[in-house]
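Heads up: the structure comes next, in structure tokens.
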Amino acid sequence: MPRSITAAVVTDTGGSFNLEQVLLASTGPGEVLVEIKGMGLCHTDIAARDGFFGLSYPMVLGHEGSGIVVEVGKGVTSVARGDHVALSFASCGRCRPCEAGRPAYCLEFGARNYGGGLREDGTTTISRDGAPVTASFFGQSSFATHALAAERNVVRVAADVPIELVGPLGCGIQTGAGAVFNSMDCREGESLLVLGAGPVGLAAVMAARVRGCTPIIISDPDPRRRALAEELGATTTLDPATGPLEDQVHAVASHGVDYAFDTTGAQSVLEEALRVLAPLGTLGLVGVPHDMAATVPLPIVPAMVAGLTVRGITEGDSDPRTFIPYLLDLFRAGEFPFDKLVGTFPFTDIDKAVQAQARGEVAKVILVHDDTDSVSSALETGA
């Protein structure tokens with residue numbers, strides 16, 4: 001049966017997240033109903049709120065959910081009622097990339113993650129006052145008390161890790177870590193430059209430390225984020241305001257870096273990043289520019305002579321069903337302390353949380369369903 005839930009509804013471009021009662025559809029075949037315990041706040045949610053993806057209003061966003069399975073639909077076998085789960089991106093499971101174990105490049109990725117609808121018939125899973133609401137964002141729309149997801153984007157996790165903590169592993173954290181572990185496959189002794197010390201960039205730093213990369217350089221204008229990056233494994237931090245990136249990087253790595261990983265999407269930063277790559281270097285791209293049509297000029301002859309690679313990256317080339325458990329194994333071993341990025345806010349304070357993250361007061365917001373005060377994050381305490 002459909003159920004009434006509380007969800008954060010956005011009704012206009014750039015508007016507030018308003019907590020409202022909406023109707024969530026019944027659990028269908030191949031679907032999983034999850035009681036949401038934690039919700040990571042990602043820049044992609046804000047971009048969607050602001051109209052970047054062209055979705056229709058009203059909408060319910062959220063794509064880094066975690067919680068407990070309440071109900072499973074017919075045919076679901078990988079999870080059961082009571083299981084702790086992380087929710088990740090949606091994929092079809094039938095196309096060539098999916099069958100090759102690379103669901104991040106599913107041929108239906110756009111339709112299934114940017115508002116195309118969870119069900120095969122394209123119907124929405126959420127309605128309000130009898131009218132459909134844009135939902136199934138990344139196959140979940142988890143800014144709510146409950147979410148419906150397809151079995152493929154639900155990942156069972158062990159109950160020994162606080163369930164509200166694991167949601168960001170479903171997108172931002174796995175994107176940064178996966179870029180190092182999977183997409184670029186950085187190796188011990190190779191050098192890495194990370195551009196931007198947000199949660200994606202910091203996840204890349206942690207992964208690079210696990211891999212034994214050296215040096216691990218990160219560039220960010222915020223001194224709090226630079227300090228956190230050092231704590232997490234960066235060997236050198238750069239302030240872009242103190243001089244050209246090229247000069248600063250070459251002072252650390254005279255021949256350039258083996259890998260540069262951009263989380264900014266800024267054309268000027270990308271142009272500088274190309275100039276600091278060592279021969280056979282790779283530039284990995286995950287930063288989303290403000291303009292969807294933005295381009296970066298590639299110096300053809302220098303790129304050819306140096307054997308450079310420019311690599312687009314989605315979700316860290318991850319298969320969430322295997323990669324999220326791997327990251328949790330590293331976390332248990334003390335090698336991937338992603339909890340140091342986190343500050344928690346009550347779900348009822350979602351707009352305050354958005355503002356705090358935008359101001360850089362918290363590296364990664366997790367929203368929880370309680371009325372407690374915000375928990376101090378590593379940035380707030382100056383750790």
Side-chain angles (χ1 to χ4, degrees), residues 172-264 266 269-270 272-287 306 308-309 311 313 316 327 330-331 333-342 360 363-364 377-379 381-383:
I173 303 300
Q174 81 174 354
T175 295
V180 170
F181 287 135
N182 305 324
S183 311
M184 299 186 296
D185 192 19
C186 303
R187 303 298 178 91
E188 183 177 358
E190 294 181 322
S191 53
L192 171 68
L193 167 66
V194 178
L195 299 161
V200 176
L202 292 172
V205 166
M206 290 187 285
R209 187 194 59 78
V210 172
R211 278 287 172 94
C213 294
T214 184
I216 303 171
I217 308 167
I218 193 161
S219 175
D220 193 277
D222 191 324
R224 298 166 298 180
R225 294 193 175 191
R226 294 198 302 271
L228 182 55
E230 287 183 348
E231 180 183 350
L232 295 174
T235 60
T236 302
T237 61
L238 307 178
D239 181 356
T242 63
L245 180 68
E246 188 172 4
D247 293 344
Q248 294 193 66
V249 170
H250 283 145
V252 180
S254 59
H255 298 294
V257 292
D258 298 306
Y259 302 94
F261 178 55
D262 178 70
T263 70
T264 71
V269 173
L270 288 166
E272 287 188 289
L274 285 168
R275 294 196 293 270
V276 302
L277 289 176
L280 300 177
T282 296
L283 172 61
L285 308 176
V286 299
L308 303 184
T309 298
R311 174 76 157 80
I313 298 171
L327 293 179
L330 291 176
F331 172 72
E335 297 181 5
F336 194 78
F338 70 96
D339 57 323
K340 292 185 177 181
L341 280 61
V342 168
K364 185 66 178 183
S377 71
L379 290 181
T381 59

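Values below: all heavy atoms of this structure, side chains included; hydrogens, waters and symmetry mates excluded.
The side chain to side chain contact (heavy atoms under 4.5 Å, CB included) test with Leu238 singles out one residue from Ile218, Val249, Val194, Leu195, and that residue is Val249. For the side chain to side chain contact (heavy atoms under 4.5 Å, CB included) test with Phe261, the passing option among Leu193, Val286, Val180 is Val286; the others fail. Just one residue in the list Asp185, Ile216, Leu192 forms a side chain to side chain contact (heavy atoms under 4.5 Å, CB included) with Arg211, and that residue is Asp185.
Leu308 places none of its side-chain heavy atoms less than 4.5 Å from the side chain of Leu283. For the pair Gln248 and Ser219, the minimum side-chain heavy-atom distance is 4.5 Å or more. At a threshold of 4.5 Å between non-hydrogen side-chain atoms, the residues Thr175 and Thr263 do not count as touching. Taking 4.5 Å as the limit, every side-chain heavy atom of Glu190 sits out of range of all side-chain heavy atoms of Thr282. Leu327 places a side-chain heavy atom less than 4.5 Å from the side chain of Phe181. Side chains of Val252 and Thr235 form no contact here, defined as non-hydrogen atoms less than 4.5 Å apart.
The line from NZ of Lys364 to CG of Asp339 is 14.0 Å long, rounded to the nearest 0.5 Å.
Between Ala207 and Phe336 the shortest heavy-atom distance is N-CE1, 4.1 Å. Between Glu272 and Glu246, the shortest heavy-atom distance links the atoms OE2-N, 4.4 Å. Residue Ala179 comes nearest to Ile313 through the heavy atom pair CB-CD1, 3.9 Å, listed as atom of the first residue, atom of the second, then distance. Taking every heavy atom of both residues into account, Pro279 and His255 meet most closely at CD-O, 4.1 Å. The shortest heavy-atom contact between Glu335 and Pro337 is C-CD, 3.6 Å. Taking each heavy atom of His250 and Arg275 in turn, the nearest pair found is CE1-O, 3.9 Å.
Although no hydrogens or angles enter the test, the distance criterion places a donor-acceptor pair under 3.5 Å between the side chain of Asn182 and the main chain of Gly316. A donor-acceptor pair under 3.5 Å links the side-chain atoms of Asp258 to the main chain of Ser191, judged by distance alone. The closest donor-acceptor contact from the side chain of Arg225 to the backbone of Ala363 lies at 3.5 Å or more, if one exists at all.
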